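Chain A is the first sequence line, chain B the second, and so forth, proteins listed ahead of strands; every chain is numbered from 1. Quick caveat: nothing in here was measured; it's all calculated off a predicted structure.
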There are 2 protein chains.
Amino acid sequence: MSIIQYLEDGKTGSQPLSTNLYTELQEDILTGKLKAGQKLTEQKICNEYNVSRTPVREALRQLEMEGLIENIPNRGAFVIGFSDQDIADMYELRSSYEVLAVRWAIDRITEEEFNELEETFEFMEFYTMKNDINKMLNINMAFHQIIYNATHNRMLNQLLSSYQVYLKYCNPSNYYAPNYLADVLEEHRAIYEAFKARDAEAGALAMTRHMENSRNRKRK
Amino acid sequence: MSIIQYLEDGKTGSQPLSTNLYTELQEDILTGKLKAGQKLTEQKICNEYNVSRTPVREALRQLEMEGLIENIPNRGAFVIGFSDQDIADMYELRSSYEVLAVRWAIDRITEEEFNELEETFEFMEFYTMKNDINKMLNINMAFHQIIYNATHNRMLNQLLSSYQVYLKYCNPSNYYAPNYLADVLEEHRAIYEAFKARDAEAGALAMTRHMENSRNRKRK
DNA sequence: ATTATATGATTTGGATACAATTTTGTCAAG
DNA sequence: CTTGACAAAATTGTATCCAAATCATATAAT
């Protein structure tokens, strides 16, 4: 997915969308509409979401693989959900993956990928000046995704990409804090500069700081 | 799962088992029986594995979540499989997760969990003396699993547990090298001692070495 | 009163049937 | 010989049907 697509599709990462049942159920678990411990009866879901049992069962298997529900044979599916502890765990894990990803990406990034990163960073500067928060959310995702790709490690890429969904639903950053966009821009600049210098240690340090600051920016 | 169960179920981690379709297909992809790029037609799988389309579709969704196949809407499922690069990636990733896990586990392990780890290590010593490789494979899995649990981080636990499956199919360790069991025992002893001393740095170092040596023990 | 048991209702697991989409093959036009 | 249109076949997506397992309730035994 190119940076242009990220900008143009207009999906700011905050609306439902939910193109399929799996995504809808995932959303409903992550937002707490379906509560932990609750039993998900297939027929109930059929009625609630107006689909037949076949797609329901497929979605339940997917959610099970993701760890959002537990499927007990012949008994049914039970919501596991995300506890506050899980969210904390997720942030902690994600931080270390992101740092690892930067380290590997700086060592392995291609010329072409670096140009894409550079272009994306310039978009960041532009939309920070224009103070366009929705655009920035998309560009931010693109920036990180480029790094994931540049690790050339399929499993790490897949893992970090999958976390984007969760990040959306955990209490969001305080976008409207003074200097939010400017602060974020400078953190990304540090990361970008490390890539430019092909300095993995500097990159790891910059990403570590970015992750710490991200957490501190969370609404309490 | 207790250490006793690990010992008694007799599953040495090298036979098919494959209790369900998903596991069977997973195995067939990881062993290369189903090749990368190959199209998986639902009806073909039905005939091959003697099941109807409903469980087939469930399995395909699970495999997709795992990243072993790609599901293109209205087109079908295509095997992605594990390239040599993916296996290398997996080892590299797993190493850093394991080190991270030890760090966290040493800080968070409960008295009860530590006792379990201690008991497991004593089983290791015993079966090393008896030179029982099959038992050792199971105990080894148990030892690592206890560490995963002791992180008290559900996502990291889930992630590392899921890798156990892949490890089984990537070219196996050279179990019959001289001193294999003795070497492995000493590496685990270092890890265990770090837990006993509640020394996270020593644990991380010991696990790093264990991971390096594991890789070097691979058959070429 | 509590526990056991039996029976009917509900629910899951799996197979089949039908609809929508894609692929394949044929044949004619350029 | 290639290209395009179109129909037939194959394949995916969804709905429904049947069997097996589980759950709930009522009744009987201790």
If you define the side chain from C-beta out and look only at heavy atoms, does anything of A:M136 sit under 4.5 Å from A:F126? no
Any side-chain donor-acceptor pair under 3.5 Å between B:E24 and B:Y49? no
Between [atom2] on [N] and [atom1] on [X], what's the gap in Å once rounded to a whole number?
X	N	atom1	atom2	value
A:R75	D:dC23	CZ	C1'	9 Å
B:E42	D:dG13	CD	C1'	8 Å
B:Y22	C:dG13	OH	C1'	19 Å
B:N74	C:dA19	CG	P	17 Å

Could A:R103 and B:E92 be called an ion pair, given the rule that one side-chain N must be under 4.0 Å from one carboxylate O? no
Between A:E125 and A:K135, does at least one N-O distance fall below 4.0 Å, as a salt bridge requires? no
With DNA chain D as reference, determine whether B:K39 or A:K39 sits nearer its 5' end, using the nearest nucleotide of each. B:K39
Examine B:Y97 together with A:Y97 and report whether their ring centres are nearer than 6.0 Å. yes
So does A:K39 have more than 12 non-hydrogen atoms from other groups sitting under 6.0 Å from NZ? yes
Heavy atoms within less than 4.0 Å of DNA chain C: which residues of residues 43-73 of chain A have one? Give them sorted by number. A:R53, A:R57, A:P73
